[in-house]
Amino acid sequence: MTQRLREEILFILLVAVVMVAALVLSVDYPRIARLMPQVVAVSALVLLAIELANTWRRRGAEAQGVPVWGSKLRRTAPYFAWLAALYGGIALAGMLPAAFLFTFAFCWRVGGMRWWVAALATIALIAALTGFGEAFNLRWPEGYLFDSYR
């Protein structure tokens with residue numbers, strides 16, 4: 001078994017452990033609150049099982065000595081940074097302002113969209129989130145800066 005195969009299997013198993021933990025932790029939630037974490041966790045576990053099977057099948061076709069973590073980290077680190085910025089924005093400003101800024105910036109900078117197309121996509125997303133919020137009586141997370149209970 002190559003180093004790359006071991007690393008990929010380890011990563012898949014670590015993500016599976018996180019998904020199982022989400023399933024276990026969400027069992028005690030009220031029915032409506034546990035729906036989303038359980039659907040996401042079960043879906044992720046199914047996709048992880050498929051990825052594990054695909055990784056195991058191509059184990060013989062791998063080249064020896066390919067640097068995995070360095071190249072994968074260089075490719076994925078910017079996306080994790082974008083997600084960290086989104087979560088930080090949600091914590092500071094709230095869900096809707098953070099989603100607005102993140103969507104516009106990500107579509108424009110990473111997606112390569114023209115600024116006006118990114119703005120239209122962002123307005124459509126905010127309209128959809130506001131519509132879902134009204135239709136399902138959702139209260140989006142408020143950030144630290146705009147929290148009225150602070």
Side-chain angles (χ1 to χ4, degrees), residues 1-63 66-113 118 120-144 146-147 149:
M1 183 181 299
T2 65
Q3 178 70 19
R4 181 178 181 146
L5 181 64
R6 282 193 297 271
E7 290 172 354
E8 286 186 14
I9 290 174
L10 177 64
F11 180 74
I12 291 169
L13 293 176
L14 287 174
V15 174
V17 166
V18 171
M19 291 301 119
V20 169
L23 274 175
V24 170
L25 291 173
S26 65
V27 168
D28 294 333
Y29 292 176
R31 187 182 79 74
I32 195 75
R34 73 174 173 240
L35 183 64
M36 186 58 70
Q38 287 181 342
V39 167
V40 169
V42 168
S43 301
L45 286 171
V46 169
L47 292 173
L48 285 168
I50 293 169
E51 181 61 25
L52 184 62
N54 287 337
T55 301
W56 189 258
R57 272 193 325 186
R58 68 175 181 263
R59 72 186 182 276
E62 296 226 346
V66 177
V68 176
W69 284 109
S71 63
K72 282 190 177 181
L73 187 60
R74 277 192 296 279
R75 275 196 331 256
T76 58
Y79 298 104
F80 283 117
W82 277 98
L83 286 175
L86 172 64
Y87 295 146
I90 291 171
L92 284 176
M95 178 68 175
L96 292 179
F100 180 84
L101 292 174
F102 172 80
T103 304
F104 178 76
F106 192 82
C107 288
W108 184 41
R109 301 292 295 170
V110 177
M113 293 181 175
L120 287 175
T122 302
I123 290 169
L125 173 74
I126 297 302
L129 288 175
T130 304
F132 285 133
E134 292 297 319
F136 298 116
N137 198 22
L138 296 175
R139 185 167 175 248
W140 296 113
E142 295 176 3
Y144 179 76
F146 303 115
D147 189 8
Y149 298 107

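Within 6.0 Å of the CZ atom in Phe100, the count of heavy atoms belonging to other residues, nucleotides or ligands does not exceed 12. Summarising the local packing, CH2 of Trp82 is surrounded by more than 12 heavy atoms from other residues, nucleotides or ligands at distances under 6.0 Å. Summarising the local packing, CD1 of Ile32 is surrounded by 12 or fewer heavy atoms from other residues, nucleotides or ligands at distances under 6.0 Å.
Of all non-hydrogen atoms in Ala93 and Pro97, the two that sit nearest each other are O-CG, 3.5 Å. Nearest heavy-atom pair, Ala98 versus Gly89, reported as atom, atom and distance to 0.1 Å: CB-C, 3.4 Å.
Atom CG of Leu96 and atom CD of Glu142 lie 10.0 Å apart (nearest 0.5 Å). Annotation: the span from Leu52 atom CG to Phe11 atom CZ amounts to 13.0 Å, rounded to 0.5 Å. In this structure, OH on Tyr87 lies 15.0 Å from CG on Leu92, to the nearest 0.5 angstrom.
In this structure, Leu129 and Leu125 have side chains that are in contact, with non-hydrogen atoms separated by less than 4.5 Å. Side-chain contact between Thr130 and Trp140 is absent, with no heavy-atom pair separated by less than 4.5 Å. Put simply, the side chain of Ile90 does not reach to within 4.5 Å of the side chain of Phe102, judged on heavy atoms. By the 4.5 Å heavy-atom criterion applied to side chains, Thr55 and Glu51 are counted as neighbours. Contact of the Val27 side chain with the Gln38 side chain is registered, since non-hydrogen atoms from C-beta on lie closer than 4.5 Å.
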Give the intermediate values and the outcome of side-chain contact (heavy atoms from CB on, under 4.5 Å) for residues Val18 and Leu14. CA-CA 6 Å; Val18 171; Leu14 287 174; 5.9 Å; no
Let me see the working for Leu35 and Tyr29 under side-chain contact (heavy atoms from CB on, under 4.5 Å), right down to the final yes or no. CA-CA 9 Å; Leu35 183 64; Tyr29 292 176; over 6 Å; no
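The one candidate from Leu47, Leu10, Leu48, Leu45 that meets the side chain to side chain contact (heavy atoms under 4.5 Å, CB included) condition with Val15 is Leu48.
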